[in-house]
Amino acid sequence: MSKLPDVRGRITYISSHAKQENLYAVYETTDRCYWTELAKCNRQEFEKSGTEGKCIEAREFIIALPESFPNLYEPDKLLQLFTDRFKEKYGVECVSALHHNKRKTNYHIHLIFSERELLPEPIEKTATRNMFYNEQGKHVRTKKEIFDENGNVRKGCKIVKKGEVYERNLFTAKDKLFKQENFVDEVKHFYTDLINLLVKDDKEKLHVFDNSRLYLATKKIGKNNPKAEQIQTDNEMRMRWNCEVDRAIVSGVSETEIQQIKKKYITDRIRESVDIFGSQPERLGSIIMTAVTVLALLISKVLDKARELSAKFFEKETVQSVAEPSDVRTVQIIPQTDNVSKQGHNLLKGLTADPSAQKRELQSRTQVTEQETPQIPPKPVMSAEAAAYPKLLKIYKELNRQNGIIFDAEREHNELEIERDILKGFAKLTKKGELQSRIDRKNEEIDILKVGLSGIVKRYGFQTVYDFYKAFAAAKTANSEYRDKAEKWEERYGVKAQRRKEIVHRRLQNYQREKTDKQMNRISRSKDRGAR
């Protein structure tokens, strides 16, 4: 966001075809005389306040747009949409212009907005007596203070007679919202969401950098910027920190620990430096390098500990595999359910002497058994998040392999430094240069490998390693939950479970039929004996 000390001049510059090579559209929410009155009001208020510096008449945003927009949307309608949305949200007048740069690689909007709102009715102040103003426009008590030696009004002084309007306000006071620190971030999110709604390709979707997260933002170097060299150096230091953060995340360092190091060794140190030495951007590099060193030491400790635990676990698994007999078999015991035991108990009761009653009893029990059979719930469905887990797991393994290569390269680097430092006598003169060049080459190799971590995740559509690990953790949890639900469903309602139930059901029916036949035979024999 830029402050504009000459709003009329800036509007003329962004809206003039003579001054802009690729001007596509201009849109204004009010007429030009508004900005003239606004500039006049701001200058009057600035003079009254007695503040030093430049008078801020308005403010400006430059909004970068995706390069696909010229082919997708008409310039007039696109510019009107972005401008009207801003006015609807903040209630201030705007003027905007849609441009391309000379090489047509930067499609962007210039949005100028007022910090004041127009009053429904002007507020006018009328003089109750003659009022006198000196050359600076300040009110003085008596006319003698504005007269010269001859009793004439000095040049630049003025008199406002009784009954005349001496002050006329058309605008409200400046809205304090536009001076707050979070206002720019709010507008960034606002327009990022709007752009993401309009893009057709997901690859063009934008993300707002969050300063509260682990990474450091790099600065854009504008054309003919006198501080370009200093900004370039700062950006290189910031990127070194960001690469080390990627490495820490892959190595298993917790987000809380990284955040603590960033706060203690970067944020707090910068604040202390500004308080003690003032604004000295050249000190930023040493501050960031200290934080990088601290984070690198923490990564080394975490990796060493992880490798020790991995070695111990491998030894334990090896011992257990040797100690366990090879012919051990597991037997699954399926407990008999209460429903089956109750049904068997009821069917084993004595039957009545009437065969037709026995048949009716058997049929009714069979119908009740069929009615009491529970309905099978639907099989769990894998969500898109759970389905993405296998693909993310491959990326995760690729990151770990890359991290292992970095770890080995760092170990070789440390060994070379130790070898260089223990050199003595003639060997120190002959071998030190060779070892130092090997160390420098190894440093370059390590830096490239660290940058490769972010390159891996960007190749698969993730902005940062941190974003990938968030998605990976969510997918892993979703996949684990799905597998647990699916296993339970298969155990209770799957093909094997249904086969077991069918076998039990057939055996139960056979058992019922055999008992009924035996009972009927006994009844029949008893009737024959009674007849004889």
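Computation of the quantities below employed the complete heavy-atom set of this structure, encompassing side-chain atoms and omitting hydrogens, waters and symmetry-equivalent molecules.
Taking the side chain as every heavy atom from C-beta outward, Lys263 and Asp268 approach each other to under 4.5 Å. Side-chain contact between Ile439 and His413 is present, with at least one heavy-atom pair separated by less than 4.5 Å. Residues Ile109 and Tyr24 are not in side-chain contact: their nearest non-hydrogen atoms beyond the backbone lie 4.5 Å or more apart. Annotation: side chain of Ile146 is in contact with side chain of Ile159 (closest heavy-atom distance under 4.5 Å). Looking at heavy atoms from C-beta onward, Arg43 lies in side-chain contact with Lys40 at the 4.5 angstrom threshold. Using a 4.5 Å heavy-atom threshold, the side chains of Leu65 and Leu98 count as touching. Annotation: side chain of Asn403 is not in contact with side chain of Phe407 (no heavy-atom distance under 4.5 Å). For the pair Asn22/His99, no side-chain contact is recorded, criterion being any heavy-atom separation below 4.5 Å from C-beta on.
Under a 4.0 Å N-O distance rule, the pair Asp246/Lys450 does not qualify as a salt bridge. For Glu57 and Arg116, the salt-bridge test fails: no basic side-chain N is under 4.0 Å from an acidic carboxylate O. Ion pairing between a basic and an acidic side chain is recognised when a charged N comes within 4.0 Å of a carboxylate O; Arg459 and Glu398 show such pairing.
Evaluated for a side-chain contact (heavy atoms from CB on, under 4.5 Å) with Leu216, the options Arg240, Arg238, Met239 yield exactly one hit, Arg238.
No donor-acceptor contact under 3.5 angstrom links the side chains of Glu145 and Tyr133, judged on distance only. Looking at Arg32 and Thr12, their side chains never bring a donor and an acceptor atom within 3.5 Å of each other. A side-chain donor from one of Gln230 and Asp234 sits under 3.5 Å from a side-chain acceptor of the other. If you check the side chains of Gln80 and Asp76, you find no donor sitting under 3.5 Å from an acceptor. Side-chain N/O atoms of Glu257 and Ser254 include a donor and acceptor closer than 3.5 Å. Between the side chains of His100 and Gln20, no donor N or O sits under 3.5 Å from an acceptor N or O.
Within the structure, every pair that satisfies the ring pair (Phe, Tyr, Trp, His ring centres under 6.0 Å) test and touches residues 31-70, not counting sequence neighbours, is listed here: Tyr34-Phe171, Phe61-Phe113, Phe61-Phe183, Phe69-Tyr73.
Not a single salt bridge (Lys or Arg N to Asp or Glu O under 4.0 Å) links Lys301 to another residue, sequence neighbours left out. Here Arg441 pairs with nothing under the salt bridge (Lys or Arg N to Asp or Glu O under 4.0 Å) rule; sequence neighbours left out. By the salt bridge (Lys or Arg N to Asp or Glu O under 4.0 Å) test, Glu445 pairs with Lys442, sequence neighbours left out. Residues meeting the salt bridge (Lys or Arg N to Asp or Glu O under 4.0 Å) test with Arg10, sequence neighbours left out: Glu60.
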Full working for side-chain contact (heavy atoms from CB on, under 4.5 Å) between Val457 and Thr464: CA-CA 7 Å; Val457 297; Thr464 63; 5.8 Å; no

Criterion side-chain contact (heavy atoms from CB on, under 4.5 Å) on Tyr396 and Val250, from CA distance to verdict: CA-CA 8 Å; Tyr396 173 79; Val250 176; over 6 Å; no

Phe277 and Arg283: CA distance, side-chain angles, deciding distance, side-chain contact (heavy atoms from CB on, under 4.5 Å) verdict: CA-CA 10 Å; Phe277 304 103; Arg283 298 179 61 86; 3.3 Å; yes

Steps toward side-chain contact (heavy atoms from CB on, under 4.5 Å) verdict (Leu111, Ile62): CA-CA 6 Å; Leu111 177 71; Ile62 300 177; over 6 Å; no

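For the pair Ser273 (side chain) and Arg269 (backbone), a donor-acceptor distance under 3.5 Å is absent. A side-chain donor-acceptor contact under 3.5 Å links Thr29 to the backbone of Cys94. Looking at Tyr215, its side chain does come within 3.5 Å of a backbone N or O of Tyr466 through a donor-acceptor pair. A side-chain donor-acceptor contact under 3.5 Å links Gln402 to the backbone of Leu449. A distance-only check finds no donor-acceptor pair linking the side chain of Asn106 to the backbone of Asn101 [under 3.5 Å]. No donor-acceptor pair under 3.5 Å is formed between the side chain of Asn152 and the backbone N or O of Phe147. In terms of modelled atom types and a separation under 3.5 Å, the side chain of Arg420 and the main chain of Glu415 share no donor-acceptor contact. When atom types are taken as modelled, the side chain of Thr172 and the backbone of Glu117 share a donor-acceptor pair closer than 3.5 angstrom. For the pair Ser251 (side chain) and Val253 (backbone), a donor-acceptor distance under 3.5 Å is absent. No side-chain donor-acceptor contact under 3.5 Å links Glu115 to the backbone of Lys174.
Note: Glu385 CD to Met382 CE = 12.0 Å, rounded to the nearest 0.5 Å. Note that the OG1 atom of Thr192 and the CG atom of Asp185 stand 10.0 Å from one another [nearest 0.5 Å]. The CG atom of Asn134 sits 6.0 Å away from atom SG of Cys157, with the distance rounded to the nearest 0.5 Å. In this structure, the separation between CG on Leu284 and CD1 on Ile266 is 8.0 Å, given to the nearest 0.5 Å.
Summarising the local packing, CZ of Arg411 is surrounded by more than 12 heavy atoms from other residues, nucleotides or ligands at distances under 6.0 Å. With a 6.0 Å radius and a threshold of 12 heavy atoms from other residues, nucleotides or ligands, Arg141 has its CZ atom at or below the threshold. Within a 6.0 Å sphere centred on CD of Glu229, other residues, nucleotides and ligands contribute 12 heavy atoms or fewer. Open room surrounds OH on Tyr13; 12 or fewer heavy atoms of other groups in view lie less than 6.0 Å from it. Within 6.0 Å of CD on Glu74 lie no more than 12 heavy atoms contributed by other residues, nucleotides or ligands.
A pairwise comparison of heavy atoms in Gln463 and Lys458 identifies O-CE, 3.3 Å as the closest pair. The shortest heavy-atom contact between Leu23 and Ala97 is CD1-CB, 4.0 Å. Of all the heavy atoms in Phe472 and Leu393, the pair that sits closest is CE1-CA, 3.8 Å. Taking every heavy atom of both residues into account, Ala471 and Leu392 meet most closely at O-CD1, 3.7 Å. Heavy-atom minimum distance, Leu214 versus Trp241: O-NE1, 3.0 Å.
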Throw together a table of side-chain donor-acceptor distances under 3.5 angstrom for residues 473-483, partners on residues two or more places apart or in other chains.
{"from": "Thr477", "atom 1": "OG1", "to": "Ala473", "atom 2": "O", "distance (Å)": "3.0"}
{"from": "Asn479", "atom 1": "ND2", "to": "Ala386", "atom 2": "O", "distance (Å)": "3.2"}

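Ring geometry for His108 against His110 counts as perpendicular: the plane angle is over 60°, on a 0 to 90° scale with 30° as the lower cut.
Checked against the 6.0 Å centroid threshold, Phe82 and Tyr27 do not count as a close aromatic pair.
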